[in-house]
Chemist: 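A single structure is presented below for examination.
Reckoned from all heavy atoms, side chains included, excluding hydrogens, waters and symmetry mates. Counting begins at 1 with the first residue of the sequence. Please read these numbers as outputs of a predicted model, since none were measured by experiment.
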Amino acid sequence: MTTVITKNASRFNVIYVILALLGLYAFAMIVIKDTPQYKVAIEAELNYVLEKMPEAEGQHLESVTQGRFQRWLYDSGAFYKLKSMFMPKDVQYQEEMSKGIFSVKRVHQVLNNLQYLVYQFIMRITLVEFWLYTMLPMMVAMVVTGYYNWKKKTYQLGGQSVNVVRLWLKVGWGFLLLMSSYLVIPNIAGAYTLFAPPLLMFIMALAISKIIQSFHKSF
């Protein structure tokens, strides 16, 4: 089964390009967007998540997110290395950089926004873990159903369509791209961002089930 989309671009190439564009988009947001706006958007998402989740699970989500944020960004020294790279230490040089797109003020904004972006990323990863534990039984059941539907076709007439497998493989690739987008893009869906992980997991489980079900018959 080929993964070629055009003569010069494979599916992997397209995925790499899209992921690179997502990275550039996230970087553009932390450069352009004002820190107060960025902070309000992330806090609004977190507050909505905590409001809709059971209290114990919400406290666990917040605690795990804050712990990971502290370890991954500060305890690891990553943030301080970035700060030393981009923030000039010489006072006179800072005065010379007081204007323009690469001004000290702009660097401060980028560093502050970067912290919020990392917090959002960690919070969403932690939320994905919560939904994964919650939905795992259903996802396993869907995949097992696809397996037994495939086994049943051993005793049925008719062949399997390769196009169906290709269709659901494309759905699977789409899932990976959507999940990558969910982890880094700003909260453009508002309160409904909370329900993105379970929806994507349902689609992925359905795609895997359909791919298994559409395999050629076993004898």
Chemist: Please verify the inter-ring angle class for Y48 with F195; under 30° counts as parallel, over 60° as perpendicular, anything in between as tilted.
Modeler: perpendicular
Chemist: What are the two closest heavy atoms between W72 and A78, and how far apart are they?
Modeler: O-CB, 4.1 Å
Chemist: Provide the closest heavy-atom pair for Y147 versus I212 in the form atom of the first, atom of the second, distance.
Modeler: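 In this case the closest contact between Y147 and I212 is CA-CG2, 3.7 Å.
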Chemist: Check whether any side-chain heavy atom of K210 lies under 4.5 Å from a side-chain heavy atom of L206, and answer yes or no.
Modeler: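 Result yes, sub-4.5 Å side-chain heavy-atom pair found.
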Chemist: Just by distance, with hydrogens left out, do Q115 and Y74 show a side-chain donor and acceptor under 3.5 Å apart?
Modeler: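 Distance-only check passes for Q115 and Y74.
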Chemist: Under 4.5 Å between any side-chain heavy atoms of F69 and V118, yes or no?
Modeler: yes
Chemist: Taking all non-hydrogen atoms of both residues into account, name the closest pair between Y119 and T65 and its distance.
Modeler: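 Heavy atoms of Y119 and T65 come nearest at CZ-CG2, 3.7 Å.
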Chemist: Is I203 close to L199 at the side-chain level, that is, under 4.5 Å between some pair of heavy atoms?
Modeler: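 Yes, their side chains come closer than 4.5 Å.
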Chemist: Taking S63 for the side chain and Q59 for the main chain, is one N or O donor matched with an acceptor at less than 3.5 Å?
Modeler: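 Checked: no pair found.
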Chemist: Less than 4.5 Å apart, side chain to side chain, heavy atoms only: is that true for M204 and L200?
Modeler: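 M204 vs L200: side chains apart.
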Chemist: Taking atom CZ as the centre, does F79 end up with more than 12 heavy-atom neighbours from other residues, nucleotides or ligands that are less than 6.0 angstrom away?
Modeler: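 Atom CZ in F79 is packed in, count exceeds 12.
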Chemist: Show the nearest heavy-atom pair for residues L132 and M201, with the distance to one decimal.
Modeler: N-CE, 3.6 Å
Chemist: Is there a side-chain contact between M53 and L127 (heavy atoms, below 4.5 Å)?
Modeler: yes
Chemist: Are V49 and V64 connected in a single hydrophobic cluster, I mean Ile/Leu/Val/Met/Phe/Trp/Tyr linked by side-chain heavy atoms less than 4.5 Å apart?
Modeler: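 In one cluster: no.
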Chemist: F202 and M138: side-chain contact (heavy atoms from CB on, under 4.5 Å), yes or no, with the steps?
Modeler: CA-CA 9 Å; F202 174 82; M138 184 196 73; 3.8 Å; yes
Chemist: With clusters defined by side-chain heavy atoms of hydrophobic residues (ILVMFWY) lying less than 4.5 Å apart, directly or transitively, does L46 cluster with V40?
Modeler: no
Chemist: Please check if atom CD in E51 has more than 12 non-hydrogen atoms from other residues, nucleotides or ligands closer than 6.0 Å.
Modeler: yes
Chemist: So does R68 pair up with E129, basic N to acidic O under 4.0 Å?
Modeler: yes
Chemist: Do you know which two heavy atoms are closest between M142 and S209, and how far apart they sit?
Modeler: O-OG, 2.9 Å
Chemist: To the nearest 0.5 Å, how far apart are NZ in K83 and CG in L114?
Modeler: 12.5 Å
